[in-house]
Amino acid sequence: MRADWPELSDLLLDTDPLTLARKPVLRREVEATLKKHGMRAAARIVRGIPGGDVLDPAFVDGILVRSHCELQRLSFEFRNGERLLQLLRPLINVLRERTTERPIRIVDIGCGMGFVLRWLAAHARLGSDIELLGCDFNPTLIGHAQSLAKEEMLACEFRVANAFTLDRKVHVFLSTGVIHHFRGDSLTEFFKSQASVEPYALLHCDIKASWAAPIGSWLFHQARMREPLARHDGVLSAVRAHPRDVLLNAARTGGRPLKYAFFDGRPSLLPILRSLNTLVGIREEIRSEFVNAIGPLAPRLEAFE
Amino acid sequence: MNLIIPLCLGVLAFIDGTLCGFRSAAGRNPRIFMWHYYRAAFGRGAAFAAVTVLAFSVVAVGLVLLGPEGTWASLLESATVLVHIYGAFATLTLIALGLYLIGSFDFGVLASVLVLGPFTLLRPWTIMLGAIYAAATATTVIATVFSLAAGVVMWNFERLLDVGSPPWRGLEGDRRRA
Ligand SMILES: C[S@@+](CC[C@H](N)C(=O)[O-])C[C@H]1O[C@@H](n2cnc3c(N)ncnc32)[C@H](O)[C@@H]1O
């Protein structure tokens, strides 16, 4: 596997970011891309998808939904809700002091079936002045996120939407396992789009690039997942994880005027001990308050630049 | 009659089956509040393991009663080998599980990364190698076959639990409460 290989899930879903219309995915185009990269395992998965020239969208959705169920299980085991909350709660406390705008809106970019926001709504008791909004291009995933939230009476909202073109003020953008989907110019664009909305902060949690990441990811995807696409993309995600400098560079190029730093981003001898890290972007005016607010976690946060 | 060893082996198989019940259910239900769902899953695994242990116990009693002299002693020797190997594996797993459940955030994740994840992959191999070792060192053919049969059944515990279980729960087409 190589970092320039595309993730299969990204090839199987094609959404127009402006109209949000789902475009048909042509089998021969997907196969050509896979062939170009020599992605044989992915090609086998695609061969198993019914449909003629166009891949059957309902079948693709089934694969994606099952993969997200399994991904949720992994997110739960790795305590991704708690992981984000460690930084989110102090951030919210700072925002409550520094802005009178209500509600304070937190948007999860590429929320999938919305695990993180549903977990926060269920366990974090963030308060009624906080609005949790998850956005994703995939209507099937969002449909499940909405019905799951409703069924468990969780105070969070989900929308089929481009997270960067919402018609409402966004105070905090967050994401889990999403940034490695963007590369090159689109990575810079990812930060530019967020900065243009003028949020107070960004929290992007993803796999930390290291020699151990693909091995650990392979192990956990073999142990915890069944769906071939989930296994394939899970390991590829770790191979595609951005090295810290690439990510910081893109953020600082596209995402000004926010300042950026990594939480848990330092290279360590035993990378398995901290296999995920969070890129934090913050407005200069609340930077030092935020650092104070995270208290004992501050040593794990690098200097903002 | 030494019943401690067979009892230990039964308990180990029971624990393993219970945890298989959990694993077979995990990743299929996207809800947040999962207590009821996982309780049922543990129960399913436990019931399955209990029936299996019972079946093996009945066969063992039958073999001892009807088989040649020395059958009990040879079964006991093989069971002792299995208890040592599976006991060590289970002890480490349960310590890690305890750490995951009651430890701090970092310890929990560490328990997962270092033990719970890798041990899920090692489990079938440990079961099979344990069974093969016990079979190879057995003093009677009956104990050899019995050890291998136990290994094969345990190896397939999770797969058997998967059979007939709805693949994805809590989604369209399944509106039952977890
Ligand atoms: C890996 S998946 C999401 C994983 C999810 N956050 C989780 O932890 O389970 C990435 C998702 O990002 C979505 N996506 C990418 N760009 C987006 C954007 N600008 N707005 C909303 N969703 C986006 C895609 O539709 C895709 O479903």
Side-chain angles (χ1 to χ4, degrees), chain A residues 61-62 65-74 76-83 85-86 112-123 140-141 143-145 147-149 151-154 156 212 216-227 230 264 270-276 300, chain B residues 19-20 22-38 41 93 96-97 99-126 158-159 161-163 165-178:
Chain A
D61 279 345
V65 168
R66 293 193 294 275
S67 299
H68 275 81
C69 280
E70 294 177 355
L71 193 60
Q72 167 164 336
R73 188 251 170 126
L74 216 53
F76 187 83
E77 183 165 349
F78 280 88
R79 303 188 175 186
N80 284 351
E82 255 174 286
R83 191 183 298 276
L85 188 59
Q86 292 177 345
M113 297 213 315
F115 166 69
V116 164
L117 291 192
R118 287 185 292 116
W119 187 93
L120 289 170
H123 297 295
T140 308
L141 298 180
H144 286 308
S147 58
L148 288 160
E151 187 189 336
E152 297 192 303
M153 292 187 287
L154 302 173
C156 48
S217 186
W218 176 85
L219 191 151
F220 269 88
H221 284 78
Q222 287 298 315
R224 303 288 186 244
M225 298 200 161
R226 309 172 179 94
E227 188 62 43
D264 282 344
L270 272 179
I272 44 167
L273 302 189
R274 297 233 185 268
S275 50
L276 298 164
R300 286 161 58 185
Chain B
L19 295 179
C20 281
F22 168 80
R23 275 202 308 278
S24 148
R28 299 177 193 270
N29 184 330
R31 290 192 180 87
I32 298 292
F33 298 110
M34 303 278 267
W35 168 239
H36 294 288
Y37 175 73
Y38 280 139
T93 307
L97 207 56
L99 210 59
Y100 182 84
L101 293 174
I102 57 170
S104 65
F105 178 90
D106 280 335
F107 273 120
V109 173
L110 209 60
S112 225
V113 171
L114 291 181
V115 184
L116 299 175
F119 271 38
T120 302
L121 288 190
L122 287 178
R123 175 188 164 274
W125 302 103
T126 310
E158 203 171 326
R159 217 163 299 160
L161 277 166
D162 283 347
V163 174
S165 75
W168 313 102
R169 294 160 217 184
L171 296 170
E172 266 160 33
D174 174 27
R175 297 261 63 99
R176 279 172 303 147
R177 269 209 82 82

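For A:Arg83, there are no salt bridge (charged side-chain N to carboxylate O under 4.0 Å, His left out) partners, not counting sequence neighbours. Evaluation of the salt bridge (charged side-chain N to carboxylate O under 4.0 Å, His left out) rule for A:Arg79 yields no partner, not counting sequence neighbours.
In this structure, chain B has a heavy atom under 4.5 Å from the side chain of A:Phe220, while its backbone stays farther away. Looking at B:Phe119, neither its backbone nor its side chain comes within 4.5 Å of chain A, counting heavy atoms on both sides. Proximity to chain B (any heavy atom under 4.5 Å) is shown, for A:Leu74, by neither the backbone nor the side chain. Using a 4.5 Å cut-off between heavy atoms, B:Ile32 touches chain A through backbone and side chain atoms alike. Contacts of B:Leu114 with chain A are made by side-chain atoms alone, with heavy-atom separations under 4.5 Å and no backbone atom involved. Using a 4.5 Å cut-off between heavy atoms, A:Gln222 touches chain B through backbone and side chain atoms alike. Neither the backbone nor the side chain of B:Arg123 comes within contact range of chain A, judged by heavy atoms closer than 4.5 Å. Interface remark: A:His123 contributes side-chain atoms only to the contact with chain B (heavy atom separation under 4.5 Å).
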**Prompt:** Could you go step by step and tell me if B:Arg28 and B:Tyr37 meet the side-chain contact (heavy atoms from CB on, under 4.5 Å) rule?
**Reply:** CA-CA 10 Å; B:Arg28 299 177 193 270; B:Tyr37 175 73; 3.7 Å; yes
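The two residues A:Ala145 and A:Gly114 come nearest to each other via the heavy atoms CB-N, 4.2 Å.
A distance of 8.5 Å separates CZ in A:Arg224 from CG in A:Leu219, rounded to the nearest 0.5 Å. Going from atom CG of A:Asp61 over to atom NE2 of A:His68 covers 11.0 Å, rounded to the nearest 0.5 Å.
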